[in-house]
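Notes follow once the structure below has been shown.
So you know, we letter chains A, B, ... as the sequences are listed, proteins then strands, and number each from 1.
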Number of protein chains: 2
Amino acid sequence: MTTTGLDGFALLDETWRAVTPEAARRMLIAAVQAFADKGYHATTTRDIASLAGMSPAAVYIHYRSKEELLFNISLVGHETSLALLSAIEGGDAVQRLENAVAKFAGWHAEFHTTARVVQYELSALSREHHAQVAELRRQIERRMRAFIADGVEEGVFDVPDLKGATLAVLSLCIDVARWYQPGGKRTPDEIGALYADLVLRMVRPAS
Amino acid sequence: MTTTGLDGFALLDETWRAVTPEAARRMLIAAVQAFADKGYHATTTRDIASLAGMSPAAVYIHYRSKEELLFNISLVGHETSLALLSAIEGGDAVQRLENAVAKFAGWHAEFHTTARVVQYELSALSREHHAQVAELRRQIERRMRAFIADGVEEGVFDVPDLKGATLAVLSLCIDVARWYQPGGKRTPDEIGALYADLVLRMVRPAS
DNA sequence: CTCCATACTAAGCGGTTGCTTAGATCTAAG
DNA sequence: CTTAGATCTAAGCAACCGCTTAGTATGGAG
């Protein structure tokens with residue numbers, strides 16, 4: 001999961017590899033960095049353009065508006081984190097939940113730049129774009145709830161309030177994007193492991 | 001804790017009761033609502049003034065700048081939530097942690113409008129103001145860590161990573177401000193109770 | 001009554017915003 | 001070489017930003 005030895009830009013480039021042409025990708029990466037750093041509304045199209053090394057007008061060659069840049073980031077970001085959960089299979093319910101929390105929390109640390117935009121700029125999206133992203137968020141919630149429900153059915157988890165526990169687990173992982181700092185003491189993998197342990201403690205039976 | 005039967009404005013009014021004169025308080029409350037709703041940078045001083053029922057220039061009678069409005073909100077918000085934790089005493093370590101999580105999470109639900117500004121607009125503060133608020137945040141972290149450490153010393157909690165657990169508990173409570181909606185299924189008190197239960201499960205010994 | 005501090009508004013200033021236009025430059029096909 | 005299409009820049013537009021200025025209303029002290 002963790003791609004050590006790569007700087008922030010290389011990590012972002014990894015996420016947005018599929019975006020072409022290259023200038024459009026550079027623009028997206030610049031937008032992610034700027035939005036994550038100062039917030040969507042505090043970022044100007046001139047900020048983005050100059051970060052991408054181009055003129056302000058070049059933004060509008062590849063994107064209809066500043067909001068469309070945000071939508072692209074939000075969409076790909078949600079799809080990526082959903083794919084992470086969807087890829088988890090095999091093992092028992094304990095291993096699957098452990099895996100899910102470790103990957104999901106780890107992603108919010110390693111790709112905290114993207115994750116911050118994804119999680120904290122939802123309200124800046126247009127009505128239609130927001131609805132599209134909201135559907136992805138419901139799918140993410142459904143996946144995580146299923147991982148917990150599986151263990152309850154198997155009798156290895158004790159969870160009095162399934163929806164409440166799902167909410168708390170997702171919330172815990174998502175909030176990593178808020179406080180995580182690359183220079184900190186914990187690596188994304190360590191955060192994933194810590195959180196997986198804490199969540200398993202939360203759902204384990206009493207004795 | 002929960003003050004049922006009061007609308008959003010009355011709740012805000014309760015928090016900012018000490019601010020005088022009345023026009024300055026109305027301005028602060030308008031700012032909290034606008035900042036929470038659209039974010040600091042997307043809110044204009046004209047928005048705030050018109051929400052308070054006054055002219056744009058009236059803002060500057062009572063506050064030096066838009067940032068000073070934010071600082072006032074952030075400072076009082078942090079002081080309020082710190083006071084919540086500081087007021088907890090008596091009982092055993094289990095009860096104190098249960099109480100602390102219930103109150104702290106509950107506050108982030110009930111006063112989610114204020115809490116959102118407090119938690120998500122830190123980067124909009126000036127250097128000096130940010131430093132002042134950061135000190136309060138360190139005190140909050142210290143308080144919560146002490147509640148957990150007490151139980152470890154008494155032998156009623158099993159926590160392999162004290163700092164990691166503290167981080168997770170605070171993070172869990174704080175993130176309530178992001179997802180909480182007044183019309184939702186759970187009341188602030190119910191969220192507090194749910195979260196207190198989940199946290200106690202997280203720190204209980206394996207037995 | 002006068003005097004004066006306080007609280008407010010109408011108008012607007014300089015600067016910045018998202019975005020557009022007109023035109024330059026490049027590449028590749030005919 | 002010519003042409004067409006795509007990609008970029010320089011310049012700038014209308015709207016809006018945080019904040020200021022000049023002036024008005026109010027109410028209490030002397």
Using a 3.5 Å distance criterion without hydrogens, assess whether the side chain of A/Y40 forms a donor-acceptor pair with backbone atoms of A/Y120.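 Between the backbone of A/Y120 and the side chain of A/Y40 there is no qualifying donor-acceptor contact (under 3.5 Å).
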Nucleotide by nucleotide, nucleotides 8-21 of chain C touches protein heavy atoms under 4.0 Å in the pattern (B base, S sugar-phosphate only, - none) BBB-B----BBBBB
Partners passing salt bridge (Lys or Arg N to Asp or Glu O under 4.0 Å) against [X] (at least two apart in sequence or in another chain):
X	value
B/R201	A/D158, B/D197
B/R64	B/E68
A/E190	none
B/R143	none

Pairs in or reaching into residues 46-60 of chain A: which pass salt bridge (charged side-chain N to carboxylate O under 4.0 Å, His left out), with residues at least two apart or in two chains?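 Residue pairs passing salt bridge (charged side-chain N to carboxylate O under 4.0 Å, His left out), neighbours aside: A/K38-A/D47.
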Sequence neighbours excluded, which residues qualify as side-chain hydrogen bond (donor to acceptor under 3.5 Å, both in side chains) partners of B/R127?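 Result, side-chain hydrogen bond (donor to acceptor under 3.5 Å, both in side chains) vs B/R127: none returned.
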Residue list, side-chain hydrogen bond (donor to acceptor under 3.5 Å, both in side chains) with B/R116, at least two apart or on another chain: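 Partners of B/R116 under the side-chain hydrogen bond (donor to acceptor under 3.5 Å, both in side chains) test: none.
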At a heavy-atom distance below 4.0 Å, which nucleotide of DNA chain D is the first touched by chain A, and which is the last?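 First-to-last contact on DNA chain D, by the 4.0 Å heavy-atom rule, is D/dC8 to D/dG12.
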Partner residues of B/E89 under the side-chain contact (heavy atoms from CB on, under 4.5 Å) criterion, sequence neighbours left out: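 Here no residue qualifies.
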Positions of residues 116-128 of chain A (non-hydrogen atom under 4.0 Å from DNA chain C), listed by number: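 Those residues whose heavy atoms fall under 4.0 Å from DNA chain C, taken from residues 116-128 of chain A, amount to none.
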List in chain and number order the residues that pass ring pair (Phe, Tyr, Trp, His ring centres under 6.0 Å) with A/H129, two or more places apart in sequence or in another chain; answer none if no residue qualifies.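 Listed in chain order: A/F71.
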